[in-house]
Each structure stands twice: as structure tokens, then as C-alpha cells.
Colleague: 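This is the structure, below, for whatever I ask next.
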Amino acid sequence: MNEKELLTAALGAAKRAYAPYSHFCVGAALLTKSGAVYTGCNIENASYPATLCAERTAMSAAVAAGERDFEAIAIVGGREEDIAEGRANEECPPCGICRQFMAEFCGPGFKIIIGTPTRFSVKTLSELLPHSFGRDSM
Ligand code: THU
């Protein structure tokens with residue numbers, strides 16, 4: 001699956017976001033090294049900090065299904081009314097907690113695809129989370 005297809009899957013997932021508080025919908029599509037794709041959306045909660053981001057939802061679904069080897073993640077976000085019509089923000093970079101969550105399972109070369117199906121950029125996890133804390137830091 002190429003970047004455009006992964007971003008399209010992320011946009012589809014964003015339409016399933018549960019975001020009654022922020023009205024900001026995020027979708028993520030995670031590609032495993034075996035070629036499978038797991039999607040996730042943000043799931044908000046009345047207790048705001050209990051909210052799950054799209055990226056962690058996708059990663060949790062994949063890990064729960066037995067996957068641990070990941071190649072790339074595509075992230076798409078935008079206001080509810082835009083996402084409903086298939087339009088996304090130019091960029092929806094992953095939050096710090098999600099970057100840290102990715103670092104638990106993904107190496108420095110893990111690809112993070114940010115943008116829309118027609119305009120995107122690809123970064124590596126080490127670019128977005130340099131000098132990170134991990135198991136070797138303890
Ligand atoms: N959100 C994500 O799903 N992923 C991120 O990396 C950034 C933020 C969600 C959380 C919340 O539901 C909404 O976007 C606004 O912060």
C-alpha cells in the first residue's frame with residue numbers, strides 16, 4: 001500500500017471519529033511490515049484526559065491483533081464539517097504522547113505520513129522524536 005492509499009484509509013477512519021467536544025476528527029492508518037493495515041480514530045471522553053488519539057487507537061488495535069512490526073502510519077485530521085465532506089487539514093502532526101507511544105514499538109526509521117491524499121510529507125520517528133526515552137534509558 002502506498003502513501004496515498006494509506007492517507008485515504010486514514011481519511012476514512014477520521015469520518016468515524018467520536019469527537020463531540022473538540023469537533024476535530026483525526027484518522028490514522030497503520031501499515032505493518034507484513035502489509036496489513038489497521039485504522040483508528042480519536043475517541044473523546046467527557047473526562048477530557050481520558051481521550052484516545054487516532055494514532056494510539058490504531059496502534060492498540062494492531063497490537064491487540066498480535067502485530068508488533070510496523071512500517072508506517074498515515075495521519076489525517078480536520079474539523080468535523082470538513083472531514084464529513086472528505087476535506088482534511090494540510091497537516092495533522094502526531095501529539096507528543098502518540099510519538100512516545102509509537103517509540104515503544106517502532107524503530108527510528110518508522111515512517112510518519114502527514115497531510116492529505118493529494119499533498120503530504122513523510123518524516124521518520126527519529127525526526128519527530130529525537131533523543132527519546134525508551135527501555136535503554138532505564
Ligand atoms: N488528536 C488525535 O487524535 N491525534 C493527535 O495526534 C492530536 C490530537 C485528537 C485528540 C482530540 O480528540 C482532538 O484531536 C483535539 O485535540
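As the structure is a prediction and not an experimental result, all values here were calculated from the model. We count ligands from 1, going down the list as the structure has it; atoms in each ligand are counted the same way.
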Colleague: With a 3.5 Å distance limit and no angle check, can you tell me whether N42 reaches the backbone of F24 through a side-chain donor-acceptor pair?
Modeller: yes
Colleague: Hey, can you tell me if Y21 and Y48 have their rings parallel, tilted or perpendicular (30° and 60° cut-offs)?
Modeller: tilted
Colleague: Is A54 close to ligand 1, meaning an N/O of one under 3.5 Å from an N/O of the other?
Modeller: yes
Colleague: Is a donor on one side and an acceptor on the other found under 3.5 Å between the side chain of Q100 and the backbone of F133?
Modeller: yes
Colleague: Using atom types as modelled and distance alone, determine if a side-chain donor or acceptor of E104 lies under 3.5 Å from a backbone N or O of F101.
Modeller: no
Colleague: Is there side-chain contact between C25 and D82, with heavy atoms separated by less than 4.5 Å?
Modeller: no
Colleague: Assess whether atom CZ of R99 is packed by more than 12 heavy atoms of other residues, nucleotides or ligands within 6.0 Å.
Modeller: yes
Colleague: Under the side-chain contact (heavy atoms from CB on, under 4.5 Å) rule, what do K4 and T118 come out as? Steps first, then yes or no, please.
Modeller: CA-CA 7 Å; K4 188 186 168 85; T118 50; 4.2 Å; yes
Colleague: Pick, from F24, Y18, F101, the option with the minimum heavy-atom distance to atom 14 (O) of ligand 1.
Modeller: F24
Colleague: What atoms of ligand 1 come closer than 4.0 angstrom to any heavy atom of P94?
Modeller: 6 (O)
Colleague: Which protein non-hydrogen atom lies closest to atom 12 (O) of ligand 1, naming both residue and atom, and how far is it?
Modeller: E44 OE2, 2.5 Å
Colleague: Would you check the N or O atoms of C95, main chain and side chain alike, for any that come under 3.5 Å of an N or O of ligand 1?
Modeller: yes
Colleague: Verify the contact flag for atom 16 (O) of ligand 1, where contact means a protein heavy atom under 4.0 Å away.
Modeller: no
Colleague: Could you tell me, atom by atom, which parts of ligand 1 come under 4.0 Å of a heavy atom of S22?
Modeller: 13 (C), 15 (C)
Colleague: How far is atom 9 (C) of ligand 1 from its nearest protein heavy atom, and which residue and atom name does that atom have?
Modeller: N42 ND2, 3.6 Å
Colleague: Among all protein heavy atoms, pick the one closest to atom 4 (N) of ligand 1 and tell me residue, atom and distance.
Modeller: E55 OE1, 2.8 Å
Colleague: Under a 4.0 Å heavy-atom limit, does C53 contact ligand 1 with its side chain, its backbone, both, or neither?
Modeller: both
